[in-house]
> 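This is the structure I want to talk about, given as structure tokens.
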There are 2 protein chains.
Amino acid sequence: MRLSRAAAYGIYATTHIAEKAKDSPIPGQDIAATCSIPPGHLLKVLQQLVKSRILSSERGPSGGFALRKPANKITMLEIIESIEGPIDGEIGGFDDITSKNRAKGVSKKVCDDVAKSARNILAKTTVSDLAG
Amino acid sequence: MRLSRAAAYGIYATTHIAEKAKDSPIPGQDIAATCSIPPGHLLKVLQQLVKSRILSSERGPSGGFALRKPANKITMLEIIESIEGPIDGEIGGFDDITSKNRAKGVSKKVCDDVAKSARNILAKTTVSDLAG
DNA sequence: GGCGATTTACTCGGATAAGCATTGTCCGAGTCAGAAGGG
DNA sequence: CCCTTCTGACTCGGACAATGCTTATCCGAGTAAATCGCC
């Protein structure tokens, strides 16, 4: 399991929001400074989470980002899939499953199994667990 | 589970060798033609498998590649790790586990769990299963 | 005719470019608060 | 003194480069067999 840097940023940021959320939204710059993340890039990641309805954003002074759901209802799976795309079994190159190549079909099935297992594990950890 | 193209090439090639292995080694060009793989690139992948002691290579006329072990003793895990490197839980960016950031530690542990699960699944499928 | 050096064709092997995804950065659009001016 | 308007600063939002890894390709090193010449 190799987690992309962007996905890691998303996880840390969401956790930080959950920890610090008192009432007002958290500005992106605050998150970037605390978690040592390049501010511009962090915004790009957070926007993805906003599109996926995990975070809400507000502009203007005293604006920022906030959670849309309780922290214990947000799973690592949601965050990762929102940023990296869906986790499914895919084989590099070509998808002509019609190929008579038996090895390709079996490999695809095994990859699907791995993906399913990964999703199960990732769905068990919530932002509450990350924040502690 | 996203399988890199190179790893897929390695799996198909190894399976092809296991199927066609009568007595003499199989030339790389034969494998490339049968599996529709760019010949030059396939060689690079096969060399990796030779270094990992999964295949043996012989040069000169009537040379080629052959299995070093029985087909039912070669697992997908071996092939993939030989080409893509070890499957472990790693988080993009920095590895300063010493960070007081709790989220990072928990994330690392979850990634390790996912990696371990993936290894278990991949170790259950052998080249014999792929060839049928 | 038999033996040996040479050539030849065939293989793998490693070093070298091209393509693409991830990562990182920039400037513009939107929004609220506060200050200034007029009624 | 209060209301309206304007200005300003602060925020997110999406479009634009730089970097690294995956993928692909090329030419050189090595080997065994077949050939040709010589004994």
Side-chain angles (χ1 to χ4, degrees), chain A residues 2-13 17 23-33 35-68 80-86 90-94, chain B residues 2-13 17 23-33 35-68 80-86 90-94:
Chain A
R2 182 185 130 64
L3 205 59
S4 79
R5 204 174 296 189
Y9 289 164
I11 291 172
Y12 301 155
I17 294 173
D23 47 351
S24 57
I26 314 289
Q29 285 193 351
D30 178 35
I31 303 173
C35 302
S36 308
I37 301 174
H41 189 43
L42 175 63
L43 279 252
K44 185 172 161 51
V45 172
L46 292 179
Q47 281 162 29
Q48 201 67 33
L49 294 174
V50 170
K51 280 184 183 170
S52 302
R53 294 286 185 171
I54 294 171
L55 299 182
S56 65
S57 66
E58 197 168 352
R59 295 205 268 197
S62 75
F65 297 88
L67 305 183
R68 250 186 211 280
I80 293 173
E81 286 201 319
S82 165
I83 295 168
E84 292 191 347
E90 51 183 331
I91 291 185
F94 6 73
Chain B
R2 183 187 130 64
L3 205 59
S4 78
R5 204 174 295 187
Y9 290 165
I11 291 171
Y12 301 155
I17 295 173
D23 48 351
S24 57
I26 314 289
Q29 285 194 349
D30 178 35
I31 303 172
C35 302
S36 308
I37 301 174
H41 189 42
L42 175 64
L43 278 255
K44 186 172 161 50
V45 172
L46 293 179
Q47 281 163 30
Q48 201 67 32
L49 294 174
V50 170
K51 279 184 183 172
S52 303
R53 294 287 185 170
I54 295 172
L55 299 183
S56 64
S57 67
E58 197 169 352
R59 295 206 268 199
S62 75
F65 296 88
L67 304 183
R68 249 186 212 279
I80 293 173
E81 287 202 317
S82 166
I83 295 168
E84 292 191 348
E90 51 183 332
I91 291 185
F94 6 73

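We name chains A, B, ... by the order of the sequence lines, and we start the count at 1 in each one.
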> So does A:Y9 get a side-chain nitrogen or oxygen closer than 4.0 Å to the phosphate oxygens (OP1/OP2) of C:dG24?
yes
> Could you work out, with side chain to side chain contact (heavy atoms under 4.5 Å, CB included) as the rule, every residue matching B:Q29, not counting sequence neighbours?
none
> A:I37 has an atom CD1; how far is it from atom P of C:dT22, in whole Å?
18 Å
> Listed by chain and number, what are the side-chain hydrogen bond (donor to acceptor under 3.5 Å, both in side chains) partners of B:E81, not counting sequence neighbours?
B:R119
> Holding to side-chain hydrogen bond (donor to acceptor under 3.5 Å, both in side chains), I want the full list of residues that pass it with A:E84, two or more places apart in sequence or in another chain.
A:S4
> Checking A:S24 now: which residues fulfil side chain to side chain contact (heavy atoms under 4.5 Å, CB included) with it, not counting sequence neighbours?
none
> Looking at CG of A:L3 and CD1 of A:I11, how far apart are the two atoms once the value is rounded to the nearest 0.5 Å?
5.0 Å
> With the threshold set at under 4.0 Å for non-hydrogen atoms, list the residues of residues 39-54 of chain B touching DNA chain C in residue-number order.
B:L43, B:Q47
> Go through the structure and list residues passing side-chain hydrogen bond (donor to acceptor under 3.5 Å, both in side chains) with A:S82, not counting sequence neighbours.
A:S52
> Find the distance between CD1 (A:I17) and CD1 (A:I54) and round it off to the nearest 0.5 Å.
11.0 Å
> B:R59: which residues meet the side chain to side chain contact (heavy atoms under 4.5 Å, CB included) condition with it, sequence neighbours left out?
none
> Generate the contact string for nucleotides 5-11 of chain C. Rules: B means base contact, S means sugar-phosphate contact only, - means no protein heavy atom under 4.0 Å.
------S
> Please identify each residue that fulfils side chain to side chain contact (heavy atoms under 4.5 Å, CB included) with B:A32, with sequence neighbours left out.
B:P39, B:L42
> Taking any atom under 4.0 angstrom from a heavy atom of chain B, which nucleotides of DNA chain D are the first and last to qualify, 5' to 3'?
D:dT23 to D:dA32
> What residue pairs, at least two apart or across chains, pass ring-ring contact (aromatic ring centres under 6.0 Å, His included) with a residue in residues 36-55 of chain B?
B:Y9-B:H41
